[in-house]
Amino acid sequence: MDDARVARRGLSPRLWLAGGWLVLALLATIFAPLIAPQDPLAQDLMLERLPPFWLDGAEPGYWLGTDSLGRDLLSRLIFGGRIAFIVAFAAATSACLLGSALGLIAGYFGGWADRIISRVVDVWMAFPPVLFAILLVAVLGTGLSSVILAIAIIDWTRFCRVIRAEAMSQARMDYVESARIAGYGRIGIMLREVLPNVLPSVVALLSLEMGIAVIVEAILSFVNLSISTDDPTWGGIIAEGRLSIHQAWWVLVFPLITLILTVLSFSQFGEALKARFDPVLR
Amino acid sequence: MSVCLDIRGLSAELPNGQRVLRSVSLSVQPGEVRALVGESGAGKTMIGKAVLGVLPKSVRIVEGDMLIEGEDLGRLDAKARRTLIGARTALIPQDPLTALNPSRRIGPQMTDRLVRILGWRGERADTRIRQLLDEVQIRDPERVLKSYPHELSGGMRQRVLIAAAFAAEPRLIVADEPTTALDVTVQKQILRLIAQLQRDHGTAILFVTHDLGVVAKISQKVSVLYAGKVVEEAETAQLFAAPQHPYTRALIAATPRYTDPYASLKPVDESVLAGLTAEIAAADKDWRPGHG
Ligand SMILES: Nc1ncnc2c1ncn2[C@@H]1O[C@H](COP(=O)(O)OP(=O)(O)OP(=O)(O)O)[C@@H](O)[C@H]1O
Ligand SMILES: [Mg+2]
């Protein structure tokens, strides 16, 4: 209830914090070539393992320090965000469309459609997701599109389960019955009466899923199964940072903070948005 | 003029063979209010849902016919049946909150029936809706039409639903305990409004209630239902003056003053219930030997 009141006043701090970070990160990655202080790929052995700006031995222009090959960490994080956001939007949107559509059909129509879809979801969920992802990428081959495809193929079930349950309770509502009495068809009712009521959950899940996609992509690049080598990715930077943790902790810590902030922001943003979307809370 | 609603020997059962309706026969003449009274679980709502073609999937009609203005629903294909039910009937539901979609504004929700049944849109539909809002004494239609359901009081929502039910001029309205979810002061107004619109529009109503006081106020005929079986049927005045069935007598005796529409039922005497149970067991035996 507190959330509802805050949302109505339009002052929800978590909406602003989460949204703020996401907008900042997104803009930075879009305008990466303009913003990044250095070339993210340029190696310079004279500059290896420079510390962040507030420590002794820091060089101006290398704000967060450099890695063991002398590449600028901040620039690599900014460019790495490109992959993260592309994967987040593309994979989460695909998973959302597929899962929500099937969930809506299963929940609203019930019967054999529901039995088939629910069965598939059960089987799907029996696989541990990370293992499933690694397996899929191994089969599909590494590369941006197979990472996106793998995440969508694995995670549509999250949408399907939640939306199915909500559509099911919607199907029992009296306004659905009234529309049937008036003579409206089932698909029309599903789109006009049911869909608007499950939309807030779809939006919240979509945002959450973007965060999950960022993590999965990081895990895949961490085990070197994401997109090919050269372009920096958050997972790739974390993997490298792990190797030099004792000489240069910042190469591990900054990408981790970036990752966690982004993932948290996506989930919080989704929740706050859901409260906004809900007509009863609005 | 043909009978508005004619139900003949309607029986329905659950998948486990348990019967929820037992050879129900009842008819509603054009422009007449027929009350359907009985305690909770008697099957009042089931009869309404059967007429409107929205029975739960688990409930199966096993016998009987339903005719709306002489047209046998059983002889129509699904599409024709939907069209007929849509054009000739409407529902005033029990709970005005769950009967309105929380994420749609009142205006479009009210025009839905006009669009579907009469093909009226835009100005024409809008004029009609405002006319009905006036009839249910809503004085600020502008605000109401723009509102979401949760922004209106229960009484306002029920007025909106009554207006929507009458808007496309159905011949028959099923009103399923339309005042039960409202508080007492509002109940009276809503009941009066339904009676008023019913007279003005000449609409027949199948009025479901468990309240004999309401029956006395609004209906011309009554059917008393117990465990899915019509145990007595009479003109309303006749029923109160000279109830024939022991269950009806018990119901009337259990209602302190049946002229008070807001007195509730008291439990019926045990011996009457025992008699009824035997009666129903006997009927079931005739119905299908060897089935329970
Ligand atoms: N969806 C359903 N599936 C199966 N059985 C049901 C379903 N809904 C109700 N029933 C059963 O059907 C019988 C009749 O229920 P119904 O809702 O018609 O009673 P009612 O007379 O309207 O009671 P109330 O005054 O409580 O509304 C009851 O025994 C009930 O348990
Ligand atoms: Mg009922």
Side-chain angles (χ1 to χ4, degrees), chain A residues 1 3-5 7-8 100 104-115 118 163 166-204 273-282, chain B residues 45 48-49 51-58 78-106 108-119 147-151 157 160-161 164-165 167-168 170 172-174 176 181:
Chain A
M1 281 333 283
D3 286 347
R5 242 174 288 126
R8 198 174 305 135
S100 303
L104 202 55
I105 290 168
Y108 177 63
F109 285 94
W112 59 264
D114 183 31
R115 279 199 292 280
S118 297
I163 301 309
E166 293 204 359
M168 236 165 144
S169 68
Q170 284 292 316
R172 283 193 293 268
M173 291 292 170
D174 290 349
Y175 44 84
V176 167
E177 188 174 278
S178 293
R180 296 261 303 142
I181 294 168
Y184 279 101
R186 311 260 285 164
I187 292 174
I189 293 174
M190 182 175 83
L191 297 179
R192 200 181 44 251
E193 309 285 347
V194 177
L195 183 58
N197 288 300
V198 302
L199 218 47
S201 296
V202 171
V203 170
L273 222 53
K274 179 178 181 175
R276 275 282 173 113
F277 256 76
D278 196 321
V280 182
L281 301 180
R282 183 162 47 204
Chain B
T45 298
K49 283 188 192 288
V51 171
L52 299 169
V54 288
L55 278 176
K57 284 197 190 106
S58 54
K79 190 157 175 270
R81 189 161 55 233
R82 284 253 74 91
T83 309
L84 181 81
I85 290 173
R88 308 281 173 88
T89 71
L91 172 72
I92 300 176
Q94 173 167 359
D95 184 348
L97 187 54
T98 60
L100 289 165
N101 192 327
S103 59
R104 300 179 64 209
R105 291 178 197 274
I106 298 292
Q109 296 201 57
M110 286 190 74
T111 43
D112 275 351
R113 287 181 61 80
L114 293 177
V115 172
R116 180 71 203 180
I117 295 161
L118 303 174
S147 302
Y148 285 94
H150 70 274
E151 294 166 338
R157 285 194 287 259
V160 163
L161 286 163
L172 171 76
I173 286 179
V174 175
D176 192 347

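Numbered from 1 within each chain, the chains take letters A, B, ... in sequence-line order.
The number of heavy atoms from other shown groups lying within 6.0 Å of CG (A:Leu191) is above 12.
In this structure, no portion of B:Lys79 lies under 4.5 Å from any heavy atom of chain A. Residue B:Thr83 does not touch chain A at all, counting heavy-atom pairs closer than 4.5 Å. Both the backbone and the side chain of A:Arg192 come within contact range of chain B, judged by heavy atoms closer than 4.5 Å. The contact between B:Ile117 and chain A is made entirely by side chain atoms (from C-beta outward), counting heavy-atom distances below 4.5 Å.
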*Given side-chain contact (heavy atoms from CB on, under 4.5 Å), test A:Leu195 with A:Tyr108 step by step and report yes or no.*
CA-CA 10 Å; A:Leu195 183 58; A:Tyr108 177 63; over 6 Å; no

_A:Leu104 and A:Met190: CA distance, side-chain angles, deciding distance, side-chain contact (heavy atoms from CB on, under 4.5 Å) verdict_ = CA-CA 8 Å; A:Leu104 202 55; A:Met190 182 175 83; 3.8 Å; yes

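Side-chain atoms of B:Arg88 do not come within 3.5 Å of backbone N or O of B:Leu172 as any donor-acceptor pair.
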